[in-house]
Amino acid sequence: MSEQQIQPQLFYALPLRDVVIFPQMTTTILVGRAKSINSVEEARRVGAPIFAVTQTNSDRDEFDEKNIHKTGTLCKIIEAIRTPDGTLKIIVQGLVRARIKEISLSERFFACQLDIVVEQKISLENNKEILGLIKAVIENFTKYAQYNRRITPEVLAGIIKSRTPHDVLYAVASLIGGSLKNKQQILEEDDMAKKFYKLLEMLKGDIEIGEAETRINKSIQEKFTKHQKEVYLHEQLKNIKKELGQDEETEVKELKEKLARLKLTKEARKKCDVELKKLEKMNPYSSESGVIRNYLDWICALPWHKKSQLLNDLNKAKKILDKHHYGLEKIKERIIEFIAVQMKTKDFKGPILCLVGAPGVGKTSLAKSIAESLGRKYVKVSLGGIRDESEIRGHRRTYIGSMPGRIIQSMRKVETINPMILLDEIDKMSHDFRGDPASALLEVLDPEQNCNFSDHYLEVDYDLSKAMFVATANSTETIPIPLRDRMEIIKLSGYTEDEKLHIAKEHLIPKQRKENGLNADEFTISDEAILELIRRYTFEAGVRNLSREIANLTRKTAKVIVTKEADSLHITKENLRQYAGVEKKNFGIVREHDTIGVTTGLAYTEYGGDLLDIEALKFEGSGKIQITGRLGEVMKESAWAALSYARAIAKKFKIDAKKFNKYDFHIHVPEGATPKDGPSAGVALCVSLISVLTNRAVRKDVAMTGEITLTGKVIGIGGLKEKLLAALRGRIKTVLIPKDNVKDLEEMPKEVLEKLQIKPIAKIEEAFEECLAKETKSKDA
Ligand SMILES: Nc1ncnc2c1ncn2[C@@H]1O[C@H](COP(=O)(O)OP(=O)(O)O)[C@@H](O)[C@H]1O
Ligand SMILES: [Mg+2]
């Protein structure tokens, strides 16, 4: 449609209140004013276009210069439909811009004389500005489309494909939002570039609004959905609680009643009242109220007055100890003494018992029996691996998910104020930057302080003075010293084979039978098989692994019976392997032959005692000494001392002193991977060296322990019982011990004293006499 077709003449007009119509644009308009309807109908009748023009003021109805913009768009009426309420719905399509020349006065119609605007002709070639503007508009419009759902990809594609700058301009202008004023300005402007700039300005503004809107919507949406969810869940919770007959008011009420019934300390009562007041004012579903409720729950659950009735019968106590533990006579005696003092004194403030010994010797189970014999409830606090003070004392309530420390937790568990609290593995505690748990424990154990024990979570003091504490440890050396000073140490050494056999038969086997639902006929095991288990499957001072092996056998038996393979199982030495599997570990056992340069020492390890071969070798060289087998500093020094002493006494053994410079010596202690230390191998080291120097073999059935001085004196060592037990187990006949240790023999099990020949020595020479065989000639001697 070319502009020239329409001559300046009288046109019917349609004043618009809230839209600007651009050329090219197709739109629907509702026509309500009678004069407007008449204009539309008349134009339709004569087949003329209609002049759509926007009002300057939408509130008014007049069609005059003041109320009407000058520039509008001549439109083709495509469709007109009468609606039931009398208005006219028309679809129009913009053709060209036109300006009012003169408004005609008419009673029935709106009409005016127009000047058709002839659009600027623009050649796009070489017009970089317009090309750039078109590109910018399309880019920005694409962005705008993201925020406006009305602009579908098809619409967008249509605009990108437009052929003239006008097409782009008017299409975009009619699709975007923005004020009527701005749109009218675009319509009125004749300069193409200016039109584009104005449009771009509008687009940018719209995009910014769109972006802000999206942001706002998103945050509102988030808040809204979160809030809605909470409301919904709380509503559900309320309903559930109602179903269960516990809505939140009754809950607080119940809590209040419960607290009222407690006999709290003054301080605790005050604190509870404050917290309850806070709670009542709070939204019951807020997280803060949860924290307070949790706190008050702790107060309710802790014992404040309830005690167990303590027993006062020493004989009964003895019986209880004997019932659960075989042997341990000396230790039981000490415990009974301790118990007796406790029973006598009302407010016992004595030292804290600490049971020390290798794993599985019965520390934990003895502690349990002590509690039973005193009529106290028992609770265990495992301290192994604790490195943080707050594990003992708790976290402040400001921490998320905070809780009281382990002491208060265990008080809640036992529900009485006078339990026996076992501080298990007190030597396995460590500390780091978060504070030292040992110092918190000191406060727990101090009878002067523990009536006011403070836990960070609890905030109010708690009285621990009625509780009794017993500790256990594997070794005293790793117990923090201030703690050790508070404690009375009772050492439990390992068991002999014979004791283990008894423990297995009288305690471990019946216990495991019961646990696996077997009666006495269904699972039996011969003594020989038990001894095999002790010797070849376990390697320990205590009976923990033995207990495990027996448990394993009973489980296998239960399976055999359930699967109807057999009615019962009798384990013998012969069929043991079939059920227990291959032997786990061989402990040191006597060598097969007397050997030059190899001496049997005795070691004291974490698992009890063991035989330790000390090997020496000489070969041509220049008097150097090499020591291998992961020996600690002390043991190495001990090897040097042995060599010096051997040098010093060479003459006596008719060893040519020059030999020391002709040979290098290598001392090795298998098993190379296990670290070893301590001075107690001195005697054995010296014997090995003299053995290689004199070519006299060392008797295989003699074992020895003892430290030596540079003058050849033999001095005392520790762990004698474990070492003798290892010797017995290893089928050694004679053991050389330092004279200093003779006093320890009193405490040795009878079996050890009967089966071993124990020879105390004071000087190293005595050892040579005992264990070196006659000289054997060899080539290199
Ligand atoms: N003398 C004993 N008599 C009976 N059973 C024992 C004896 N010593 C240890 N036990 C048992 O051995 C197992 C391990 O003992 P436990 O007390 O856990 O050792 P620890 O705490 O010293 O590592 C327990 O089942 C215990 O009953
Ligand atoms: Mg234990």
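Each residue takes its place number in the sequence, starting with 1. All ligand and atom numbering here is 1-based and tracks the order in the structure.
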Quick check: G360 and ligand 1, any N/O pair under 3.5 Å apart?
yes
I want to know if ligand 1 touches H325 in the polar sense, i.e. an N/O pair below 3.5 angstrom.
no
For atom 21 (O) of ligand 1, the closest protein heavy atom turns out to be T364 OG1, 2.6 Å
Under 3.5 Å, is there a donor-acceptor pair between the E751 and T496 side chains?
yes
Parallel, tilted or perpendicular: which describes the rings of Y326 and H502, with under 30° parallel and over 60° perpendicular?
parallel
List ligand 1 atoms under 4.0 Å from H324, heavy atoms only on the residue side.
3 (N), 4 (C), 5 (N)
Can R393 and E443 be counted as an ion pair, charged N to O under 4.0 angstrom?
yes
Could you tell me whether R729 and E497 make a salt bridge, using a distance below 4.0 angstrom between a side-chain N and a carboxylate O?
no
Region of K363 that comes within reach of ligand 1 [heavy atoms, distance under 4.0 Å]:
both
For S526 versus H570, what's the shortest heavy-atom pair and its separation?
N-CE1, 4.0 Å
If you have a sec, work out which protein heavy atom is nearest atom 16 (P) of ligand 1 and how many Å separate them, to one decimal?
G362 CA, 3.8 Å
For Y326, atoms of ligand 1 separated by under 4.0 Å from a heavy atom:
1 (N), 2 (C), 3 (N), 4 (C)
Report yes or no: does T364 have an N/O/S atom closer than 2.8 Å to the Mg ion (ligand 2)?
yes
Mark up the atoms of ligand 1 that fall under 4.0 Å of a heavy atom belonging to P359, in ascending order.
23 (O)
The one among V543, L546, T472 that brings a heavy atom closest to atom 11 (C) of ligand 1:
V543
re atom 26 (C) of ligand 1, the protein heavy-atom contact at minimum distance is S365 OG, 3.5 Å
If you scan protein heavy atoms around atom 27 (O) of ligand 1, the nearest is K511 NZ, 3.5 Å
Using 4.0 Å as the upper bound for N to carboxylate O, is an ion pair formed by D610 and K723?
no
Please list the nearest protein heavy atom to atom 5 (N) of ligand 1 with its residue and the distance rounded to 0.1 Å.
I503 CG2, 3.6 Å
Give the residue, atom name and distance (to 0.1 Å) of the protein heavy atom nearest atom 23 (O) of ligand 1.
R544 NH2, 2.3 Å
Any side-chain heavy atom of I370 sitting closer than 4.5 Å to one from Y378?
no
Which atoms from ligand 1 have a heavy atom of Y495 less than 4.0 Å away?
1 (N), 2 (C), 7 (C), 8 (N)
Are more than 12 heavy atoms, taken from residues, nucleotides or ligands other than K733, located less than 6.0 Å from that residue's NZ atom?
no
Interfacing atoms of ligand 1 (cut-off 4.0 Å, heavy-atom, L328):
1 (N)
Inspect the contact between K721 and D744 and indicate whether a charged nitrogen and a carboxylate oxygen are less than 4.0 angstrom apart.
no
Looking at K330 and E747, does any basic side-chain N land under 4.0 Å from a carboxylate oxygen?
no
